[in-house]
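Chain naming here is simple, since letters A, B, ... match the order of the sequence lines and numbering starts at 1 in each.
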Protein chains: 2
Amino acid sequence: MTAGTRPRRHDPERRDRIIDACLDVVATRGVEGTTQRRVAAAADVPLGSMTYHFAGREELLREAFGRFARQAAAQFDRRMAEAPDREAALRAVVRLIMQDVFATQRDLVLSHELYTLAARDPAFRDLTNDWMRRSRDALGRHFDPATCRVLDAFVEGMTIHRALDTEPADGVDVLDAVRRLAGTVSSRPSA
Amino acid sequence: MTAGTRPRRHDPERRDRIIDACLDVVATRGVEGTTQRRVAAAADVPLGSMTYHFAGREELLREAFGRFARQAAAQFDRRMAEAPDREAALRAVVRLIMQDVFATQRDLVLSHELYTLAARDPAFRDLTNDWMRRSRDALGRHFDPATCRVLDAFVEGMTIHRALDTEPADGVDVLDAVRRLAGTVSSRPSA
DNA sequence: GAGGCATGCGTACAAACGTACACAACCCCG
DNA sequence: CGGGGTTGTGTACGTTTGTACGCATGCCTC
């Protein structure tokens, strides 16, 4: 060892820092480019810590994405809980799509990477199912189950498209769309 | 060479077969697990063919996903062109979500992998932008631009959620949702 | 204060990767 | 029918990966 910081006995914060570093690496290099060495470097821990704290690469990824999904779900639920009525909830949803959580490329990339893993690996699908259920439960504070479903899906797709799209979306159109989906405004055939 | 089949001069079908095999490998092992060796094995061509036909791994992936996106867009456009009116178009959209193109896990996985790449790499984002534009143009045969946008996004999200979800969605609810989004039915506050 | 044990790390290793490159097979032109 | 250029392939190389494992470090007990 080149000295510097001495290893402290039983440092539980170490494990957390590795998980956070893992999410950072995934966000910038993708799951494909997320090697244990890069995560170790990002967390500023020696390579040996990887095998010590995690059984393997997959366990590390599972824990990292688990934390990510739980945080995202909790944030969404908080927003829904804060909304006093349906209209406020819909506005919060639009705000979410247009600027908030996923505005940073980081969270968008992370969610895509998670979906990609979930599409093939049941262990990760458990995480996305949990996330989806929590999202719908949060919407369930204001809407009936069927509406929760379509609203949740719309948020999903709109977020993705907004992030990929070059020309910016119109928030008014989005608000109008979620109102129609929620059935809180009568829709007219547009010109 | 162990003999068997002799190398035929200028076999253009060879390149196509590699691209198809690449999509197969991506669908089963993900982009991360898509190595040139595995693609070569799947296409039943020698490893050397990889470097001969493609400048590198990334070019191979770009061409493969390009083909995938174009095919998917073309299929969607065909369905929209076949629809005689708005109602038929909406029904076609619902059919698409509920069973058709993405019913096979394969296409879903492929589109996720593509989105994941696009979220980080501009070269792949060009592919998704093109796909999105074609989808909207196809919808544009029946709907105004703002509606195309929200419908397209809804299809996106609903497809993803339906594929990940354990409990099956209700096609009637989905049809109702797209009708509301398209403004072709007056929505009532549901019970 | 010395032995022992839990904690954490440096290093080594086999496997797998992308890619380069020399060379074989084949056809065309004279 | 033979040289030359095009087309396609076998193989070897340097790098990077995940993971295992022996060893250093520091606390606790007696």
Side-chain angles (χ1 to χ4, degrees), chain A residues 1-26 28-65 113 117 120-121 123-124, chain B residues 1-26 28-65 113 117 120-121 123-124:
Chain A
M1 188 188 306
T2 58
T5 55
R6 282 297 143 91
R8 267 184 281 282
R9 194 175 171 81
H10 198 60
D11 182 358
E13 180 223 355
R14 179 69 52 108
R15 198 166 189 279
D16 280 0
R17 207 167 70 226
I18 294 175
I19 291 179
D20 283 340
C22 179
L23 287 176
D24 282 342
V25 174
V26 171
T28 54
R29 322 271 295 208
V31 167
E32 180 175 3
T34 300
T35 68
Q36 309 211 56
R37 281 162 223 267
R38 268 204 264 266
V39 174
D44 196 35
V45 298
L47 175 62
S49 288
M50 294 293 124
T51 48
Y52 179 71
H53 286 290
F54 301 91
R57 198 182 90 111
E58 187 184 305
E59 182 180 308
L60 170 62
L61 286 172
R62 234 182 305 127
E63 296 227 16
F65 278 112
E113 295 280 356
L117 291 176
R120 196 174 28 259
D121 188 333
F124 289 95
Chain B
M1 187 187 304
T2 57
T5 55
R6 280 297 143 86
R8 266 185 283 279
R9 195 173 170 84
H10 197 60
D11 183 359
E13 180 223 355
R14 180 70 52 107
R15 198 166 190 278
D16 281 0
R17 208 167 69 226
I18 294 176
I19 291 179
D20 284 339
C22 179
L23 287 175
D24 282 341
V25 174
V26 171
T28 54
R29 321 273 294 212
V31 168
E32 180 175 5
T34 301
T35 67
Q36 310 210 57
R37 282 163 221 268
R38 268 204 263 266
V39 174
D44 195 36
V45 299
L47 176 61
S49 288
M50 293 294 123
T51 48
Y52 179 70
H53 286 290
F54 302 92
R57 199 182 89 111
E58 189 184 304
E59 182 180 308
L60 170 61
L61 286 172
R62 232 182 306 125
E63 296 228 16
F65 278 112
E113 296 280 355
L117 291 175
R120 199 173 26 259
D121 188 334
F124 289 96

Whole Å only: how far is the [atom1] atom of [X] from the [atom2] atom of [N]?
{"X": "B/Ile18", "N": "D/dT7", "atom1": "CD1", "atom2": "P", "answer": "15 Å"}
{"X": "A/Arg17", "N": "C/dG8", "atom1": "CZ", "atom2": "P", "answer": "12 Å"}
{"X": "B/Glu32", "N": "D/dT17", "atom1": "CD", "atom2": "P", "answer": "12 Å"}

Residues passing the side-chain contact (heavy atoms from CB on, under 4.5 Å) test with B/Glu63, sequence neighbours excluded, are B/Arg15, B/Ile19, B/Phe54, B/Glu59
Do the charged groups of B/Glu113 and B/Arg29 touch, with an N to O distance under 4.0 Å? no
Closest non-hydrogen atoms of A/Leu23 and A/Phe65, given as atom of the first, atom of the second and distance, are CD2-N, 4.4 Å
Heavy-atom pair of closest approach, residues B/Arg120 and A/Thr28: CD-O, 3.0 Å
Would you say C/dC9 has OP1 or OP2 under 4.0 Å from some side-chain N or O of A/Tyr52? no
Are OP1 or OP2 of D/dT9 and a side-chain N or O of B/Arg14 less than 4.0 angstrom apart? yes
Per-nucleotide protein contact string for nucleotides 17-23 of chain C (B base, S sugar-phosphate only, - none; heavy atom under 4.0 Å): BBB----
Pairwise side-chain contact, A/Leu60 with A/His53, heavy-atom cut-off 4.5 Å (strictly under): no
Please output the side-chain donor-acceptor pairs of residues 38-52 of chain B that fall under 3.5 Å, not counting sequence neighbours, one pair per line with the distance.
{"from": "B/Arg38", "atom 1": "NE", "to": "B/Gly33", "atom 2": "O", "distance (Å)": "2.9"}
{"from": "B/Arg38", "atom 1": "NH2", "to": "B/Gly33", "atom 2": "O", "distance (Å)": "3.3"}
{"from": "B/Thr51", "atom 1": "OG1", "to": "B/Gly48", "atom 2": "O", "distance (Å)": "3.0"}

